[in-house]
Amino acid sequence: MENLKVTLKDGTVREVAAGSTLADLAASISRSLAKSTLAAKLDGKVVDLTRPLTADATVEFLGSDTQEGLDALRHSASHIMAQAVQHLYGESVQFGIGPWIANGFYYDIDTEHTFVPEDLAKIEAEMEKIVKQDLPIVRQEMSREAAIKFFADKGQNYKVELIRDLPEDAVISLYTQGDFTDLCAGPHLPSTGRIKALKLQSLAGAYWRGSEKNKMLQRIYGTAFEKKADLDAYLTMLEEAARRDHRKLGKELDLFSIQEEGPGFPFFHAKGMVIRNELENFWRKLHRKFGYEEIKTPIILNEELWHKSGHWDHYKENMYFTQIDGANYAVKPMNCPGGMLVYKTRHHSYRELPMRVAELGLVHRHELSGALHGLMRVRSFTQDDAHIFMLPSQIKDEIMGVMDLFNVVYSTFGLSYHAELSTKPEKAMGSDEVWEVATSALKQALDERGMPYKINEGDGAFYGPKIDFHLKDSIGRTWQCGTIQLDMLMPERFDLTYIGEDGQRHRPVMIHRVAFGSMERFIGILIEHFAGAFPAWIAPLQVKILPITDRNMEYAQILANKLREADIRVEVDERSEKIGYKIREAQMEKVPYMLVLGDKEAEAGMVAVRVRGQGDVGTMTFEAFEKMVNKAIANKA
RNA sequence: GCCGCUGUAGCUCAGUGGUAGAGCAGCGCAUUCGUAAUGCGCGGGUCGUAAGUUCAAAUCUUAUCAGCGGCUCCA
């Protein structure tokens with residue numbers, strides 16, 4: 001038989017008999033490789049290990065240490081779950097889609113039976129049986145007609161719909177394990193026995209094909225790992241992340257609350273306001289540096305304005321309305337129309353452009369009740385908005401300037417982020433040509449700054465395309481914070497003009513942008529990012545003074561006053577508790593610095609310092625301590 | 001809004017038909033203490049809300065509100 005040349009990842013070349021599989025190849029290299037390999041990359045494409053080699057090729061084996069390997073494992077786990085569901089809940093069960101996702105998998109299921117949490121354990125037990133049987137997972141290809149007939153005969157109508165919608169040239173593949181066959185592009189593990197650790201996590205509803213016009217199916221979420229230890233580590237990580245949940249910490253640290261009287265309308269408490277005000281100070285300073293001016297526009301404006309802006313036609317369902325003296329008014333869901341009115345209060349020369357006009361604007365939006373989520377998703381929030389009015393020739397530079405400003409904001413907090421570009425939605429104002437110009441300007445700016453981005457087709461705002469900047473919460477969900485939206489329509493609607501060099505009126509281009517996104521959401525992100533242990537500059541309380549006995553109270557108060565004079569946020573714990581107790585409480589409050597003051601310190605005029613995360617750092621002069629705190633605050637460390 | 005789950009003291013939770021309980025927090029008293037919890041005592045809840053079933057409802061039924069996990073949507 002003919003031999004093929006296979007180039008491995010490390011560059012070595014091996015000869016194998018044509019027709020032998022990737023699994024054979026792995027086994028021929030080493031037993032441990034065969035054991036740890038889940039899938040393989042054949043000439044750059046991820047495939048099953050059961051795939052036979054038919055030509056010279058490059059091969060990379062994928063274990064559970066690679067994302068692709070884990071994805072294949074979880075994809076197989078989702079099939080095993082579907083098989084288990086079919087065993088337990090009968091042939092009438094219809095399956096939607098069952099893909100792998102970032103940290104696990106899900107399957108959408110349509111059945112008369114309503115799943116309850118107790119069912120998950122039953123399904124898991126059935127899955128374990130299927131794993132134990134170590135059923136081979138076999139791939140086969142079928143013609144479109146045969147595949148449609150196959151699934152139609154089984155009453156799997158969703159699968160039939162999926163096949164009908166596949167592109168003409170698609171290869172239709174099916175995977176079979178024991179008595180279960182599913183439509184699937186793969187790849188999969190060679191057999192069910194390879195999954196040593198799996199867990200079903202939650203139940204949820206999900207619309208078929210993601211459209212609320214369609215039937216809601218039942219979705220079961222789960223995750224799977226090659227080893228039990230990996231699963232346990234992941235579950236432990238999730239538990240630790242849950243401890244950083246901003247809703248939990250917000251309550252514990254007395255930062256904010258959300259009450260039944262105002263669902264989605266957060267209350268900021270005194271300590272939360274300190275953070276918020278520090279963020280605003282930082283924001284104002286930065287925006288002055290980047291050449292912005294600041295305005296404030298009203299929260300309620302006449303309904304006519306919203307007809308003019310297009311919000312009435314495109315955003316009405318999300319708006320709140322009211323009446324004043326018999327006239328109709330709307331509560332603003334966005335700041336832009338107000339900003340337009342300010343621009344129009346006088347003439348502008350081309351020499352003024354670009355005009356960068358910022359506004360911390362409180363907006364209200366009627367979000368669906370089921371979408372509300374702590375501070376991350378609320379119905380009233382303050383956007384750190386700005387509108388930049390400019391000449392068409394300034395678009396790219398301005399966008400890059402905004403990206404630079406965002407980078408300062410996010411890196412100050414050590415936040416990592418990623419960008420997404422959204423293009424023209426179905427419900428949009430303006431012609432395709434206008435959209436094309438605007439979209440390519442955004443692309444150019446991203447490319448020039450070398451920022452990688454993902455494209456979301458049809459996700460733009462109704463008035464223009466946008467770049468969104470996403471930040472992660474404690475369990476890895478991402479939230480859109482910053483956004484840059486190019487708008488070539490609002491200036492038209494409001495007939496904005498500037499006088500050009502030629503003395504004629506011209507139409508400016510505008511961008512809307514937010515850096516924090518909303519103060520609320522950003523604070524939520526920060527709470528989770530720092531797990532409540534805020535850097536000194538935004539910490540609600542910066543120094544807590546703990547006198548050991550009542551004798552030391554006077555010394556404590558003198559130092560507290562000195563710190564207050566120096567604009568440092570300080571409190572004295574005056575209770576007659578033992579020092580260990582006071583330290584424990586201050587520690588749980590996550591105060592960055594503590595001063596333990598007893599007779600020794602009072603006599604020597606020194607302070608004993610505890611630093612959050614380090615514990616007792618010893619005794620120093622008050623001046624040295626003050627310098628240390630001021631330095632940390634100044635460095636935003 | 002849709003699907004599933006949950007709702008008992010300020011917080012975390014126990015209590016599944018016989019008119020409510022723990023720990024922590026709070027308050028009072030004592031203690032004046034050296035780096036993550038001093039002791040004793042006291043107060044606090046129409047069991048989310050509203051109807052219904054029952055001799056009797058925190059517990060069963062229905063509706064409704066809110067929260068949680070998703071879907072949709074989005075800063």
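Side-chain atoms are counted along with the backbone in the values below, which use heavy atoms only and exclude waters and symmetry mates. Here is the naming used below: chain letters follow the sequence lines, and residue numbers restart at 1 for every chain. What you see is a predicted model; the values in this text were computed from it and never measured.
- Residue A:Glu601 is classed as a base contact, given a heavy-atom separation below 4.0 Å to a base.
- Contact annotation for A:Arg365: base contact, defined as any heavy-atom pair under 4.0 Å involving a base atom.
- A:Thr114 comes within 4.0 angstrom of the backbone, heavy atoms only, and of no base.
- A salt bridge between A:Asp232 and A:Lys199 is absent, with no side-chain N of the basic residue lying under 4.0 Å from a carboxylate O of the acidic one.
- Between the side chain of A:Tyr207 and the base of B:rG70 there is no donor-acceptor pair of N/O atoms closer than 3.5 Å.
- Among the heavy atoms of the strands, none lies under 4.0 Å from A:Val363.
- A donor-acceptor contact closer than 3.5 angstrom links the side chains of A:Asp468 and A:Thr483.
- Of the P atoms belonging to B:rG23 and B:rA30, the separation is 24 Å, rounded to the nearest Å.
- On the C1' atoms, B:rG48 is 16 Å away from B:rU59, given to the nearest whole Å.
- If you take atom P in B:rU62 and the same atom in B:rG67, they sit 23 Å apart, rounded to whole Å.
- B:rC47 and B:rA58: their C1' atoms are spaced 4 Å apart (whole Å).
- Note on ring orientation: taking the six-membered ring where Trp is involved, the planes of A:His287 and A:Tyr292 are perpendicular (angle over 60°, cut-offs 30° and 60°).
- Looking at heavy-atom distances under 4.0 Å, A:Arg612 makes no contact with the nucleic acid at all.
- Comparing the P positions of B:rC60 and B:rG7 gives a spacing of 10 Å, expressed to the nearest Å.
- Distance from the side chain of A:Tyr581 is smallest for B:rA37 among the nucleotides B:rA75, B:rG69, B:rA37.
- Comparing B:rC71, B:rU38, B:rA75 by their nearest atom to the side chain of A:Glu367 picks out B:rA75.
- The side chain of A:Arg610 lies closest to B:rU35, out of B:rU35, B:rA75, B:rG1.
- No donor-acceptor contact under 3.5 angstrom links the side chains of A:Lys600 and A:Thr619, judged on distance only.
- Looking at residues 538-552 of chain A, you'll see A:Ile548, A:Thr549, A:Asp550, A:Arg551 sit with a heavy atom under 4.0 Å from some atom of RNA chain B.
- Look at the P atom in both B:rU16 and B:rG10: the space between them is 23 Å, to the nearest Å.
- A distance of 4.5 Å separates CD1 in A:Ile484 from CD1 in A:Ile467, rounded to the nearest 0.5 Å.
- Between A:His311 and A:Pro337, the closest side-chain pair of non-hydrogen atoms falls below 4.5 Å.
- At the heavy-atom level, A:Gln201 lies nowhere under 4.0 Å from the strands shown.
- Between B:rC71 and A:Tyr221, a contact under 4.0 Å exists linking OP1 or OP2 to a side-chain N or O.
- Residue A:Lys213 places none of its side-chain N or O atoms closer than 4.0 Å to OP1 or OP2 of B:rU72.
- Using modelled atom types, one finds no donor on one side chain facing an acceptor on the other under 3.5 Å when comparing A:Ser380 with A:Arg365.
- Side-chain N/O atoms of A:Gln383 and A:Ser518 include no donor and acceptor closer than 3.5 Å.
- Residue side chain A:Gln218 does not reach the base of B:rG70 through any donor-acceptor N/O pair under 3.5 Å, judged by distance alone.
- Across all strands shown, A:Ile579 has heavy atoms under 4.0 Å from sugar-phosphate atoms exclusively, and none from any base.
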Check the pair A:Glu577 / A:Lys582 against salt bridge (charged side-chain N to carboxylate O under 4.0 Å, His left out), numbers first and verdict last. CA-CA 7 Å; A:Glu577 294 290 350; A:Lys582 292 182 180 180; over 6 Å; no
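- Mapping A:Gly210 and A:Ile258 onto RNA chain B by nearest heavy atom places A:Ile258 at the nucleotide closer to the 5' end.
- At least one side-chain nitrogen or oxygen of A:Arg247 sits closer than 4.0 Å to the OP1 or OP2 atom of B:rC68.
- Nucleotides B:rG41 and B:rC24, compared at atom P, are 12 Å apart to the nearest Å.
- Comparing A:Lys251 and A:Ala608 against RNA chain B, the residue whose closest nucleotide sits nearer the 5' end is A:Lys251.
- In this structure, the nucleotide among B:rU38, B:rA66, B:rC3 sitting nearest to the side chain of A:Glu260 is B:rA66.
- Of all nucleotides listed (B:rC33, B:rG67, B:rU35), B:rG67 comes nearest to the side chain of A:Pro263.
- By the stacking rule of 5.5 Å between ring centres and under 30° between planes, A:Phe381 stacks on the base of B:rA75.
- Distances shorter than 4.0 Å separate some side-chain N or O of A:Arg477 from OP1 or OP2 on B:rG70.
- The side chain of A:Asp616 lies closest to B:rU35, out of B:rA75, B:rC71, B:rU35.
- Between the C1' atoms of B:rA9 and B:rG52, the separation comes to 28 Å (whole Å).
- With B:rG1, B:rG69, B:rA75 as the candidates, the nucleotide lying closest to the side chain of A:Ser369 is B:rG1.
- A close approach under 4.0 Å does occur between a side-chain nitrogen or oxygen of A:Lys466 and OP1 or OP2 of B:rA75.
- Interatomic distance, A:Gln542 CD to A:Leu563 CG, rounded to the nearest 0.5 Å: 9.5 Å.
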